[in-house]
Amino acid sequence: MRPRRSRNSSGDAVTPSGLAHVGLVGSGSMAHAVMLRLARSGAQVHALDPAQRAVDGDDGEPCASLAALRDCTEVVVALLEDPVRAQALFASDARGAADATGSVVLDIGLMPPGLAYQLQWPRGVRVYEGALGHQLDGAGIVPALYIDADALAEPAIAWVARTLADRVVPIAGRGRAKAIAAVEGLLMGVNAAIVREAATLGAAAGIPFATLMPLILKGSGATAMMPLEAESWTAETAHSCDPESLREGVVRAFDAARRVSHPLLFGTIAMGVLAHRAAESQPARGWREPTPRHRASAA
Amino acid sequence: MRIGVIGLGSMGAPMARNLVAAGHEVRGFDIAPEKLAAATACGIAAAESAAGLAARCELLILMVWDDDALRDALFGPAGICSSRQLPQCVVDFSTTSVALAHEAAGVLRQRDCVFLDGAVIGGGAAAAQAATSPIVVAGDRATYDRYLPTFARLGRCDYVGAQGHAKVVKLINNLLVGVVTAANAEALSLGLALGVELPQLVDRMRASAGASRVLDSYMGRYVAEGRYPEGLIGHRLMAKDLRLAAELAESMDCAVTYPRFGEQMYATFGRVLGDDRPFPSAFEYFRRMSSVEATAPRVPLEFSDQGRSGR
């Protein structure tokens, strides 16, 4: 086992170039993107994949258990999706280490707002929530991280936050960061879907979207999602705004809405429109070559 | 120039006043006597009918309620076409159907009168007063160019091409306004149910990729001032606009879902909240649906610069 929380020569967890060791719990393309960002920022990433898939040797080192992961890292970034699975994972962790004083976990996964705080963690683990989102930046958008404001008092999490997104948005109030991201995901999805239908209607009536969009942008129907159809997004954000990613955002809102019994009528239509759009536009913008990890998963 | 204006409501009246201010001789007509009286107090001469107006002006501007009102103004017993003498150009800025724009153009063309279809696609009554409304006009290009200096007194004009295209742009704009507003209402209500306060939600969404002009203009105003802006149409009219978009789509076998769905939702909002309540009050419908009590703002908010930029 590696020494617990490796430190630099001055004893700081955070080095001038970044953290020495960061843990990552999660699987799928989102976890892979997070791993890449952390690794490229100079962190040694130790990854635990609950789905028991292979972890890229170039991007991160596989780790056998959550307890082991916590033991060798300063902070664990968790992309938890399913509360039941997550609880099972942490229950085994609790059995492995009854006292985990000093461990810091940042959950940025798709679990509904506030749930990470309700899971049974090993004693001494400090848990915070965050959620990836998108902020306006001039005519485009940039990756953002909505994060529990208290979390930024932890130097390790502050470093991770700055690494994960171009813009870190502290949100006061536990659970609100994910709630805001859920609302944003819903709005992005519905706005993208209605822009898609507007483009379809305009084209059928003989007005190409390239003509229609500048007019609507002057009008009261303007939305930040309109440039998506005009392909003016940067390569990095295009992946976040392809139909499948937009659908994931709406699904996240549905998961959150289910917990508070809130209807999502316009969101339901958006799911259908985005699914249709995804089906007809494959490969979508932002589609990327499968990584070795993806190929391994497929195999 | 002698200009006639039919329809002197919240949009038509300020347009007519701007034309008077530009030095034109403006006559107006409205089926509502009180609106006509209010216009005459602002230097607009009153006409006895649409037909009477048609005989006395070179350019005739229409800004009426719906297809029925436009049909009546054009083809009714005392309508424009009942006049022996027609203007050189009739331009309709009402939110009306594409089909009626084509029909009107065809009938007036036979009498050597050019029909342009136009639309005001944003800004509301305040922009109409300031002559800053975004305006689109379609139809005969030479006629548009000829009257552009006059149109420019009404707002910021764009020519959008063939006959009917201005109506298409207007219907699509209103489709976006209606659906995005209701979607905002639904999303903000969800945020409230999840425990986020409305000012925080709106502030964050305005800076996010979920931002929209309706979020800024309607929900932002509601949060900051506890009320919706003046002069907004009600649920009934929004349902009508979405119905026109749906009919346009269906006339072309265009497979879209939101227009009909939105029409039905706004009809429901009208039944539950009142047909003439401002359409952003759809928010109250979703609050009732989720039994969420909104956190009413007590002080006006100061939104960050970040929230204002980027659109």
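Numbers restart at 1 for each chain; the letters A, B, ... are given by sequence-line order, proteins then strands. Both backbone and side-chain heavy atoms feed into the values below; hydrogens, waters and symmetry mates do not.
Considering only heavy atoms from C-beta on, B:Asn173 comes within 4.5 Å of A:Ser220 through its side chain. No side-chain heavy atom of A:Val183 sits under 4.5 Å from any side-chain heavy atom of B:Val196. The closest side-chain heavy-atom distance from A:Met188 to B:Met205 is not below 4.5 Å. For the pair A:Leu217 and B:Arg213, the minimum side-chain heavy-atom distance is 4.5 Å or more. No side-chain heavy atom of B:Ser290 sits under 4.5 Å from any side-chain heavy atom of A:Val260. With a 4.5 Å cut-off on side-chain heavy atoms, A:Met225 and B:Ser212 do not count as touching. Taking 4.5 Å as the limit, every side-chain heavy atom of B:Val136 sits out of range of all side-chain heavy atoms of A:Lys218.
When heavy atoms are compared at a cutoff of 4.5 Å, A:Ile180 approaches chain B by way of both its backbone and its side chain. Contact of A:Thr211 with chain B is not made at all, since no heavy-atom distance falls under 4.5 Å. For a residue to count as touching a neighbouring chain, one of its non-hydrogen atoms must lie under 4.5 Å from one of that chain's; by this rule A:Pro113 touches chain B with the side chain only. For a residue to count as touching a neighbouring chain, one of its non-hydrogen atoms must lie under 4.5 Å from one of that chain's; by this rule A:Ala144 does not touch chain B. With a threshold of 4.5 angstrom between heavy atoms, A:Leu186 approaches chain B through side-chain atoms but not through N, CA, C or O. For A:Ala203, no part lies near chain B; criterion is any non-hydrogen pair under 4.5 Å.
In this pair, B:Tyr258 and A:Phe266 present their aromatic rings parallel. The plane angle is below 30°, not in the 30 to 60° band.
Residues B:Ser189 and A:His262 have side chains that bring a donor and an acceptor to within less than 3.5 angstrom of each other.
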Expected list for residues 174-181 of chain B: side-chain donor-acceptor pairs under 3.5 angstrom, two or more places apart:
unit_1   : atom_1 : unit_2   : atom_2 : d
B:Asn174 : ND2    : B:Asp241 : OD2    : 2.6
B:Thr181 : OG1    : B:Val177 : O      : 2.5

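Using a 4.5 Å heavy-atom cut-off against chain A, no residue of residues 124-131 of chain B qualifies as contacting. At a heavy-atom cut-off of under 4.5 Å, chain A is reached by B:Asp158, B:Val160 from residues 157-164 of chain B, listed in order of number.
Considering CZ of B:Phe286 and CG of A:Leu265, their distance stands at 5.0 Å, rounded to 0.5 Å.
Evaluation of the salt bridge (charged side-chain N to carboxylate O under 4.0 Å, His left out) test over residues 171-189 of chain A, restricted to residues two or more places apart or in two chains, returns A:Asp107-A:Lys178.
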